[in-house]
Amino acid sequence: MMALNELEQGYRKLRREKSFTAELKSTLADFVGRPTPLYFAERFTNHVRGPRIWFKREDLTHTGAHKINNTVGQILLARHMGKERIIAETGAGQHGLATATVCARFGLPCIIYMGAEDIERQAPNVQKMNLLGAEVREVTSGSATLKDATSEALRDWVTNVRDTFYIIGSVVGPHPYPMIVRDFQAVIGRETRRQARRAFGKLPSALIACIGGGSNALGMFHPFVSDKKVAMYGIEAAGKGLRSGLHAATLSKGKPGVLHGSFSYLIYDRDGQIILPHSVSAGLDYPGVGPEHSYLKDIGRVMYHSATDKQAIEAFEEVTRLEGIVPAMETSHALAWLVRNSDRFKKGDNVVVCFSGRGDKDMPIYDRWQREKS
Ligand SMILES: *Cc1c(COP(=O)(O)O)cnc(C)c1O
């Protein structure tokens, strides 16, 4: 609790300080490349035959996904709090990369905890993190994947809290992390509000985003929560199908429980053991989900649905060929759900998809999928 209290106090004080907000703003502009465009997907719109579809282009940020918004925010927080050593967890390697990137930029030593299983599956990301000067620490406990890497990072943090800052990668973990990550990602939704007014003169009819831990979705949704007319849809990974037992659909199929310091929907078995999630997209397979999403589900403000591996791959191909933009496999889940559910919207509705990242990193997955198919 001491570590968490110190973090909360540091954050509450700094987020109002001019020197902090000015530095955050200029780093987001010049290093990350914000604001990202709100792009009208004309051919995809014609293909889907329903609402007008817009992409909020987080794929165009430096490093190619929304994760950098959060790591930039947290490393500035670390510096202002006088912390000199950075640690983080990673599953697919995307958050590890975004953290290693900001550590290189600000010259702080960086240790990334990663499951042995993931190190093997995500070799190119490990090489990139090493190139950036980070140390990747292998975690062999438990299932040797993301949840174990997260536990290990939390252990390191409480042991070395005096000089160490733990940069968490999504709106998960103990308070104040879900709040801090949400606030740093909310730049997505704030820009979207402004850009929507300029592009079509009103707020969007609906927002759609994929859900792993839930940070790109919450970043998009948060500034619109009190706008009752804006519908919101969070799309989880249904893997091989919701009834297959091989999925990461925590909100659709999970039950309330506690993991890594927060109370949220989780997938676990009769003995209370976490069930390992499955998804074709490595960035979506966390067995929990942000507590604020659990709340938004319970109060009915956000609708949560899912898309399977196969549907996501199809959307990955379709959008690439229609728009000349390769979506991340995570983003492809949101796109896949929209393709199948366009009749929920009226012609002329403006629907914004949070285009969380680019799919270059997913070419090996796509390649393997095609080979297994043939
Ligand atoms: C990590 C990742 C996600 C899932 O994480 P959230 O916290 O749910 O946003 C989605 N899209 C991309 C491109 C990612 O890298």
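For ligands, and for the atoms within them, numbers begin at 1 and follow the listed sequence.
- Using cut-offs of 30° and 60° for the angle between ring planes, the Y286 and H260 rings count as parallel.
- Residue pairs that meet the salt bridge (Lys or Arg N to Asp or Glu O under 4.0 Å) test with at least one member in residues 43-58, sequence neighbours left out, are R34-E58, K56-E191, R57-D59.
- Taking H305 as the reference, W337 meet the ring pair (Phe, Tyr, Trp, His ring centres under 6.0 Å) condition, with sequence neighbours excluded.
- Salt-bridge annotation for E8 and R12: present, with a side-chain N of the basic residue lying under 4.0 Å from a carboxylate O of the acidic one.
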Give a table of atom pairs where an N or O of ligand 1 lies under 3.5 Å from a protein N or O.
unit_1   : atom_1 : unit_2 : atom_2 : d
ligand 1 : 7 (O)  : S170   : OG     : 2.6
ligand 1 : 7 (O)  : G214   : N      : 3.3
ligand 1 : 7 (O)  : S215   : N      : 2.8
ligand 1 : 7 (O)  : S215   : OG     : 2.7
ligand 1 : 8 (O)  : G212   : N      : 2.7
ligand 1 : 8 (O)  : G213   : N      : 3.2
ligand 1 : 8 (O)  : G214   : N      : 2.7
ligand 1 : 8 (O)  : S215   : N      : 3.4
ligand 1 : 9 (O)  : H66    : NE2    : 2.9
ligand 1 : 9 (O)  : S215   : N      : 3.4
ligand 1 : 9 (O)  : S215   : OG     : 3.2
ligand 1 : 9 (O)  : N216   : N      : 2.8
ligand 1 : 9 (O)  : N216   : ND2    : 2.8
ligand 1 : 11 (N) : S356   : OG     : 2.7
ligand 1 : 15 (O) : K67    : NZ     : 2.6

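- Listed by chain and number, the residues in a ring pair (Phe, Tyr, Trp, His ring centres under 6.0 Å) with F263 amount to none (sequence neighbours excluded).
- Checking each of R197, R190, Q195 against R193 for a side-chain contact (heavy atoms from CB on, under 4.5 Å) leaves exactly one that passes, namely R197.
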